**Student:** 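My structure is below; once you've seen it, I'll send some questions.
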Amino acid sequence: MSAPIAVTARIDRMRFTPAFSYLKNTGHPEGMLAGMGLLASIDGRSSHRAGDGTVIVAHRGGAGLWVENSISAFRRALAADYRAVEFDVHFTRDGVPVVIHDLTVDRTTDGQGAVADMSLADLRRLRLAGTDGEVVPTLAELLDLLAPSDCAAIVEIKFSADAPDLRVRCRTLADALDAASMRDRVTITAFDWRAIAVMAELGRGFDLTGVLRASDVGGAAGATAAAQRVKAIGGRQLGLQFQAVDAGVVAACAAEGVGLGVWTPNAADDLKRLQRLGVGWIITDRPDLARMEEERTP
């Protein structure tokens, strides 16, 4: 994310039916959050999860290991058996959804300019920095890779909620995910919750997550207010910057029946702390470190 994802909370043992609900709760205390989306799609398999159900998510395909949001990164994440990946979606000038984080191509390619000002043909002339000639992938290309696997995905809306065609873009995104039969394996996230509200209004039944920075949370009381707000617009989960999350925040989300995920811890101590808190998912640039911490956890 600079970004996020999410989960659903209950203490009783049950199976969640919304997106990502393959995993069962196993009775983690106060904060047991079984994922509504992410956790769900991994039930019954040897998944890489922490605590009693935390799903480890490879941020932008594993940005601390490989070139972010590149097809090669996602291919390697699948080969490493990471059960969930996160990626970002913008739209080109001619209305094609593409997988790139920034508003511009300056940082991640050999070109310059805003993604929204480029046609797909313009974008295809550029090469991703640090790769052997790879291009910015389209959403369709990435979904073609993910769909045959059992990998779950967190899809972050990066296109502007101020766009006059916001509803059209949200419908295009939903159509692409449905065409790839990915609805039950994704949670859609956004910092601008207007996009979440529009996705909910489409009535497609996608798992939806509102993302917040730590400065916008404000402890357990703030988490309670955020959980109530995200439910009011049709969301089911919160994706919080990891520094905001403590036992009180976990309990507040659980009390509201809202899933909880965090982004983007990369240090071993932070990964360990969050796994022990029992958050539903962790988006990290270093899924390899998260896996090591998971294996050390008794």
Side-chain angles (χ1 to χ4, degrees), residues 1 3-8 15-23 35-45 47-49 55-62 69-71 73-91 95-101 136-159 168-190 195-196 198-209 211 234-237 239 259 261 280-281 283 287:
M1 279 170 189
I5 59 187
V7 217
T8 247
R15 180 182 295 272
F16 289 98
T17 52
F20 286 123
S21 52
Y22 294 4
L23 291 183
M36 282 197 39
L38 228 84
L39 298 184
S41 45
I42 318 176
D43 188 46
R45 299 181 282 136
S47 60
H48 297 298
R49 33 181 219 256
V55 174
I56 303 303
V57 184
H59 185 222
R60 305 180 201 167
N69 282 330
S70 65
I71 287 294
F74 293 109
R75 189 173 287 121
R76 287 167 175 158
L78 292 179
D81 200 27
Y82 296 124
R83 293 307 196 190
V85 297
E86 185 268 353
F87 59 86
D88 312 282
V89 176
H90 278 286
F91 275 75
V96 179
V98 291
V99 178
I100 186 171
H101 177 271
V136 174
T138 64
L139 175 62
E141 288 168 341
L142 179 53
L143 294 180
D144 282 347
L145 176 67
L146 297 178
S149 75
D150 54 9
C151 188
I154 292 167
V155 184
E156 184 176 0
I157 292 175
K158 283 296 189 183
F159 49 87
V168 172
R169 293 184 180 193
C170 287
R171 186 178 296 113
T172 299
L173 174 59
D175 287 346
L177 293 169
D178 275 341
S181 300
M182 291 285 291
R183 184 187 300 184
D184 292 338
R185 284 196 278 150
V186 301
T187 188
I188 298 172
T189 72
I196 295 298
V198 170
M199 289 297 305
E201 289 167 6
L202 292 178
R204 300 289 189 88
F206 283 98
D207 188 67
L208 303 172
T209 296
V211 182
R236 296 172 182 163
Q237 305 190 61
W281 44 265
I283 295 177

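Fair warning: this is a prediction, and the values are worked out from it, not measured in the lab. The basis for the numbers below is simple: all heavy atoms, side chains too, and nothing from hydrogens, waters or symmetry mates.
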**Student:** Going by heavy atoms in the side chains, are Arg236 and Leu208 under 4.5 Å from each other?
**Tutor:** no

**Student:** Taking it one step at a time, do Ile188 and Leu177 satisfy side-chain contact (heavy atoms from CB on, under 4.5 Å)?
**Tutor:** CA-CA 10 Å; Ile188 298 172; Leu177 293 169; 3.9 Å; yes

**Student:** For Arg204, what residues pass the side chain to side chain donor-acceptor pair (under 3.5 Å) criterion, not counting sequence neighbours?
**Tutor:** Asp175, Asp178

**Student:** Under 4.5 Å between any side-chain heavy atoms of Pro97 and Leu173, yes or no?
**Tutor:** no

**Student:** Calculate, to the nearest 0.5 Å, the distance between atoms CD1 and CG belonging to Ile71 and Asp144 respectively.
**Tutor:**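 The CD1 atom of Ile71 sits 8.5 Å away from the CG atom of Asp144.
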
**Student:** Using only atom types and a distance under 3.5 Å, with no angle test, would you say the side chain of Thr187 pairs donor to acceptor with the backbone of Asp207?
**Tutor:** yes

**Student:** Looking at every non-hydrogen atom in both residues, tell me the closest pair between Cys170 and Ala195 and how far apart they are.
**Tutor:**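 Scanning both residues, the minimum pair turns out to be SG-O, 4.1 Å.
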
**Student:** Apply the test side-chain contact (heavy atoms from CB on, under 4.5 Å) to residues Met182 and Val155: give CA-CA distance (whole Å), side-chain angles for both, the deciding distance (0.1 Å), then the verdict.
**Tutor:** CA-CA 11 Å; Met182 291 285 291; Val155 184; over 6 Å; no

**Student:** Nearest heavy-atom pair of Ala147 and Ala180: which atoms, and what distance?
**Tutor:**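 In terms of heavy atoms, the two residues are closest at CB-O, 3.6 Å.
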
**Student:** Taking all atoms of both residues into account, what is the closest heavy-atom pair of Ala176 and Leu143, and its distance?
**Tutor:**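 The answer is O-CD1, 3.5 Å.
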
**Student:** Just verifying a value: how many Å separate Glu156 CD and Arg60 CZ, rounded to the nearest 0.5 Å?
**Tutor:** 8.0 Å

**Student:** Are the side chains of Phe87 and Leu146 in touch, meaning some heavy atoms are under 4.5 Å apart?
**Tutor:** yes

**Student:** Take Asp150 and Arg83 through the side-chain contact (heavy atoms from CB on, under 4.5 Å) test and state the conclusion after the steps.
**Tutor:** CA-CA 7 Å; Asp150 54 9; Arg83 293 307 196 190; 3.1 Å; yes

**Student:** List the steps and the verdict of side-chain contact (heavy atoms from CB on, under 4.5 Å) for Val57 and Tyr82.
**Tutor:** CA-CA 7 Å; Val57 184; Tyr82 296 124; over 6 Å; no

**Student:** Test your reading of the model: is there a side-chain donor-acceptor pair from Arg185 to the backbone of Cys151, 3.5 Å cut-off?
**Tutor:**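 Checking the backbone N and O of Cys151 against the side chain of Arg185, a donor-acceptor pair under 3.5 Å is found.
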
**Student:** Mind checking the CG-CG spacing from Asp88 to Asn69? Nearest 0.5 Å is all I need.
**Tutor:**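 The CG atom of Asp88 sits 5.0 Å away from the CG atom of Asn69.
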
**Student:** Measuring from Ser70:OG to Ile100:CD1, what's the distance to the nearest 0.5 Å?
**Tutor:**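 Here the rounded value is 11.5 Å.
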
**Student:** Which atom pair, heavy atoms only, marks the closest approach of Ala58 to Pro287?
**Tutor:** CB-CG, 4.0 Å

**Student:** CD1/Ile157 to NE2/His90 distance, rounded to the nearest 0.5 angstrom?
**Tutor:**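 Going from the CD1 atom of Ile157 to the NE2 atom of His90 covers 11.5 Å.
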
**Student:** Taking all non-hydrogen atoms of both residues, which atom of Arg169 and which atom of Phe91 are closest, and how far apart?
**Tutor:**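 That would be O-CZ, 3.5 Å.
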
**Student:** Which distance, rounded to the nearest 0.5 Å, do you find between the CD1 of Ile196 and the OG1 of Thr189?
**Tutor:** 6.5 Å

